[in-house]
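Notes for the one structure printed next.
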Amino acid sequence: MLAFLAVAGLAHPVLADPGGNRLRIAYADFPPVEYQNEQGEPAGFFVDLTRRVVEEAGYEAEFIYLPVSRIYLYLKNGTVDLFPGLSNTPSLANEVMESWVNVYPTRLNAWYLAGSEPLTHFEQLEGKTVIVIAGYTYGGLLSWLERSDHIQVTEAPNSRAAMEMLKLKRGDFVLDYRETVEEMLIKPSDSSIRGSEVRSRYSAWLYSLANPKAALLREKLDDAYLRLVDRGEAPPVHPFKAGYVIPGFPEEYR
């Protein structure tokens, strides 16, 4: 009900108050990084860290649970101030300002069954059925897959369902993030599941450029994060490096 009310309240975009003390922070279903728990509350280590950083910077956090597509829309029109997400999202180019610091790398894998051929080149997806997770855009890659005449795309409602579909051979590969899947593989039958890395990306706080104080917010929250690191209350900053991309990965989504 809380999630419904949050979304219903945003049915007509209301610009966040750039001069206020409260920051409207979007978050998505991406466990264990960020998700809505059984009590309808924001949870996950990136949500917890974001809350600490926002409070350290002198702001109050208002978390709003939304599907990824709605988050992108609200970042573009300024309905939300920021989103703890992933860097280098093509559809948000020129729409957001990314934090200087990042907290963790995340890795997109192609999951497959033992005995099948691992994915070592993106062209191996041709003629295959790829299972994707509802609501994920994979940094824009989903639209490329759906446009392909040689790849069949089928959707699972969540990561657990995707793995069960894979075991039933309703697809050849599952595209899902390693952080989510590795925590979930606890069933005896999960021992047959393997993963090949497709792409690595980095976390970032994404600030809506529709907010005229986006640059100020970035500086204040980055400084707050560094203070937490100095006090040992936050993980150290990860240096930005060129992320891994599997050979054959579409150039426009690298």
Side-chain angles (χ1 to χ4, degrees), residues 28-35 44-46 67-72 85-92 104-204 241-254:
D29 185 33
F30 186 35
V33 177
E34 57 187 62
Y35 61 97
F45 68 82
F46 206 6
V68 172
S69 59
R70 189 67 64 86
I71 290 174
Y72 290 178
L86 297 177
S87 62
N88 297 323
T89 300
S91 63
L92 292 177
Y104 67 95
T106 187
R107 295 167 181 85
L108 178 65
N109 275 11
W111 302 92
Y112 62 96
L113 294 177
S116 301
E117 189 175 345
L119 191 72
T120 58
H121 196 288
F122 211 69
E123 289 180 356
Q124 290 173 246
L125 293 182
E126 291 192 8
K128 304 294 186 182
T129 297
V130 178
I131 302 169
V132 299
I133 313 303
Y136 285 12
T137 66
Y138 306 97
L141 181 62
L142 178 62
S143 61
W144 185 91
L145 293 170
E146 291 176 333
R147 291 196 306 268
S148 173
D149 295 328
H150 308 290
I151 300 172
Q152 179 70 38
V153 176
T154 186
E155 189 176 87
N158 52 55
S159 297
R160 180 74 260 173
M163 295 302 153
E164 297 305 319
M165 290 170 65
L166 180 65
K167 287 186 285 187
L168 292 172
K169 299 185 177 180
R170 294 179 181 171
D172 300 289
F173 294 98
V174 173
L175 283 182
D176 203 350
Y177 293 92
R178 193 171 81 177
E179 292 73 19
T180 299
V181 173
E182 285 186 341
E183 277 207 353
M184 187 189 63
L185 297 180
I186 57 176
K187 294 184 178 181
S189 59
D190 292 337
S191 62
S192 63
I193 296 174
R194 305 285 187 270
S196 295
E197 188 172 354
V198 172
R199 185 190 182 193
S200 63
R201 296 167 70 192
Y202 288 88
S203 64
K241 300 177 183 177
Y244 171 79
V245 179
I246 194 171
F249 195 90
E251 286 288 341
E252 63 266 39
Y253 298 105
R254 288 175 180 264

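None of these values were measured; they are calculated from a predicted model.
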CA sep, side-chain torsions, deciding dist, call: Thr106, Tyr202, side-chain contact (heavy atoms from CB on, under 4.5 Å): CA-CA 6 Å; Thr106 187; Tyr202 288 88; over 6 Å; no
Could you measure the distance from the [atom1] atom of [X] to the [atom2] atom of [Y]? Nearest 0.5 Å is fine.
{"X": "Trp144", "Y": "Glu252", "atom1": "CH2", "atom2": "CD", "result": "8.0 Å"}
{"X": "Ser196", "Y": "Leu108", "atom1": "OG", "atom2": "CG", "result": "11.0 Å"}
{"X": "Leu166", "Y": "Ser192", "atom1": "CG", "atom2": "OG", "result": "7.5 Å"}
{"X": "Arg199", "Y": "Asn109", "atom1": "CZ", "atom2": "CG", "result": "13.5 Å"}
{"X": "Lys128", "Y": "Glu123", "atom1": "NZ", "atom2": "CD", "result": "13.5 Å"}
{"X": "Gln152", "Y": "Glu146", "atom1": "CD", "atom2": "CD", "result": "10.5 Å"}

Aromatic plane relationship, Tyr177 with Tyr138 - under 30° parallel, 30 to 60° tilted, over 60° perpendicular: parallel
Distance-only polar pair, side chains of Thr89 and Arg201, donor-acceptor under 3.5 Å: yes
Arg194 (side chain) donor-acceptor with Ser191 (main chain) under 3.5 angstrom: yes
Sidechain-backbone polar pair: Gln124 side chain, Thr120 backbone, donor-acceptor under 3.5 Å: yes
Closest approach of [X] and [Y], non-hydrogen atoms and distance?
{"X": "Leu141", "Y": "Pro250", "value": "CD1-CG, 4.0 Å"}
{"X": "Ala28", "Y": "Glu34", "value": "N-OE2, 2.8 Å"}
{"X": "Ile133", "Y": "Ser159", "value": "CD1-CA, 3.9 Å"}
{"X": "Glu197", "Y": "Ser200", "value": "OE2-CB, 3.5 Å"}
{"X": "Tyr253", "Y": "Pro90", "value": "CD2-CG, 4.0 Å"}
{"X": "Asp190", "Y": "Met184", "value": "OD2-O, 3.7 Å"}

Would you say [X] and [Y] make side-chain contact, with heavy atoms under 4.5 Å?
{"X": "Trp111", "Y": "Phe173", "result": "no"}
{"X": "Phe30", "Y": "Tyr136", "result": "yes"}
{"X": "His121", "Y": "Ile246", "result": "no"}
{"X": "Val130", "Y": "Asp172", "result": "no"}
{"X": "Ser69", "Y": "Thr137", "result": "no"}
{"X": "Ile131", "Y": "Val153", "result": "no"}
{"X": "Phe122", "Y": "Val198", "result": "yes"}
{"X": "Val68", "Y": "Asp29", "result": "no"}

Short N-O contact, Asp176 and Arg160, less than 4.0 angstrom: no
Verdict with supporting geometry, Glu164 and Lys187, salt bridge (charged side-chain N to carboxylate O under 4.0 Å, His left out): CA-CA 11 Å; Glu164 297 305 319; Lys187 294 184 178 181; 3.4 Å; yes
Ring-ring centroid check Tyr104 Phe45, cutoff 6.0 Å: yes
side-chain contact (heavy atoms from CB on, under 4.5 Å) evaluation trace for Leu125 with Leu119: CA-CA 8 Å; Leu125 293 182; Leu119 191 72; 3.9 Å; yes
